[in-house]
Amino acid sequence: MAVNLAELTLPQLEGLKGQLEQEVEFLTSSIGQLKVVQTKYVEAKDCLNVLNKANEGKELLVPLTSSMYVPGTLHDVEHVLVDVGTGYYVEKNVGNTKEFFKRKIDFLTKQIEKIQPALQEKHAMKQAVIEVMSVKIQQLQTLQASQSGTTKA
């Protein structure tokens with residue numbers, strides 16, 4: 001159902017603007033979160049390039065936490081454990097793991113592409129509301145100025 005913005009009162013326009021601002025903020029936040037997850041998958045996929053025969057047997061640092069590492073040796077360059085969600089890990093070979101990460105990255109890209117038009121639409125609607133509010137405020141100021149001019153005369 002289309003609403004003529006010019007027919008709404010200033011308080012109604014203010015309420016609509018607030019609602020649109022919340023929706024824009026939510027959609028922006030959603031896209032940001034999807035991009036963070038997507039970046040993690042891209043980084044994980046890129047890290048798989050280290051797993052090759054030339055690096056087998058080399059020493060490396062193994063993360064125990066985000067700030068603590070222990071020395072280790074790379075023995076198996078063909079298999080990895082992949083976190084597939086909800087605390088489940090699956091052993092996969094490097095090729096299958098790259099494909100798994102590619103599917104995840106593609107899925108997230110599609111989700112971002114679905115949200116982007118809605119975000120742009122909400123932003124455009126908010127701008128339209130702001131413009132109508134500006135016109136109404138200008139009309140109100142003009143009306144008040146003309147009334148105060150007639151009162152003084």
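Just so you know, these numbers come straight off a predicted model, no measurement behind them. Just so it is clear, the values below take in all heavy atoms, side chains as well, and ignore hydrogens, waters and symmetry mates.
- The line from OG1 of Thr86 to CG of Asp83 is 8.0 Å long, rounded to the nearest 0.5 Å.
- For the salt bridge (Lys or Arg N to Asp or Glu O under 4.0 Å) criterion with Glu23, the lone passing option out of Lys126, Lys122, Lys17 is Lys122.
- Val90 places none of its side-chain heavy atoms less than 4.5 Å from the side chain of Phe100.
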- Message: Run Met133 and Leu10 through side-chain contact (heavy atoms from CB on, under 4.5 Å) and show every step you take.
- Response: CA-CA 6 Å; Met133 286 176 71; Leu10 269 174; 4.2 Å; yes

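- Between Gly95 and Asn93, the shortest heavy-atom distance links the atoms N-OD1, 3.1 Å.
- The line from NZ of Lys92 to CD of Glu99 is 10.0 Å long, rounded to the nearest 0.5 Å.
- From Leu13, atom CG reaches atom CD of Glu131 across 12.0 Å, with rounding to the nearest 0.5 Å.
- Judged purely by atom type and a 3.5 angstrom limit, Asn49 uses its side chain to pair as donor or acceptor with the backbone of Asp46.
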- Item | Stepwise side-chain contact (heavy atoms from CB on, under 4.5 Å) test for Ile105 and Gln38 | CA-CA 6 Å; Ile105 293 165; Gln38 184 183 44; 4.1 Å; yes

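- The pair Asp106-Lys110 does not meet the salt-bridge criterion, since no charged nitrogen lies less than 4.0 angstrom from a carboxylate oxygen.
- You'll find the side chain of Val82 stays beyond 4.5 Å of the side chain of Asn96, heavy atoms only.
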- Query: Taking it one step at a time, do Leu16 and Leu5 satisfy side-chain contact (heavy atoms from CB on, under 4.5 Å)?
  - Reply: CA-CA 10 Å; Leu16 180 57; Leu5 294 177; 3.7 Å; yes

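- Legend: residues meeting side chain to side chain donor-acceptor pair (under 3.5 Å) with His123, ordered by chain and number and at least two apart, are absent.
- Note on Val62 and Met68: same hydrophobic cluster, where clusters join Ile, Leu, Val, Met, Phe, Trp and Tyr whose side-chain heavy atoms are under 4.5 Å apart, directly or indirectly.
- In the hydrophobic clustering of ILVMFWY residues, with side-chain heavy atoms under 4.5 Å counting as a link, Tyr89 and Val94 come out apart.
- Here the side chains of Ser29 and Glu25 are not in contact, with every heavy-atom distance at 4.5 Å or above.
- Residues Leu119 and Met125 are members of separate hydrophobic clusters, defined by side-chain heavy-atom contacts under 4.5 angstrom among Ile, Leu, Val, Met, Phe, Trp and Tyr.
- Using a 4.0 Å cut-off between charged nitrogen and carboxylate oxygen, Lys53 and Glu56 count as a salt-bridge pair.
- The 12-atom threshold is exceeded at CD of Gln12, counting heavy atoms of other residues, nucleotides or ligands nearer than 6.0 Å.
- Every residue two or more places apart in sequence or in another chain was checked for a side chain to side chain donor-acceptor pair (under 3.5 Å) with Gln120, and none qualifies.
- Note: Glu91 CD to Thr97 OG1 = 9.5 Å, rounded to the nearest 0.5 Å.
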- Task: In sequence, state the C-alpha distance, the side-chain angles, and the governing distance for Val132 and Leu8, and then conclude on side-chain contact (heavy atoms from CB on, under 4.5 Å).
- Result: CA-CA 9 Å; Val132 171; Leu8 297 177; over 6 Å; no

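- The same ILVMFWY cluster, assembled from side-chain heavy atoms under 4.5 Å apart, contains both Leu140 and Val129.
- The CD atom of Gln116 sits 9.5 Å away from atom CG of Leu27, with the distance rounded to the nearest 0.5 Å.
- A 4.5 Å side-chain heavy-atom check between Glu113 and Thr109 finds at least one atom pair inside the cut-off.
- Linking Ile, Leu, Val, Met, Phe, Trp and Tyr whenever their side-chain heavy atoms come within less than 4.5 Å leaves Tyr69 and Leu64 in two separate clusters.
- Proximity of a side-chain donor or acceptor of Ser30 to a complementary backbone N or O of Phe26 within less than 3.5 Å is detected.
- Within the 3.5 Å criterion, the main-chain N or O of Ile130 finds no donor-acceptor partner in the side chain of Ser134.
- Rounding to the nearest 0.5 Å places CG of Leu34 at 10.5 Å from OG1 of Thr39.
- Judged purely by atom type and a 3.5 angstrom limit, Lys136 uses its side chain to pair as donor or acceptor with the backbone of Ala6.
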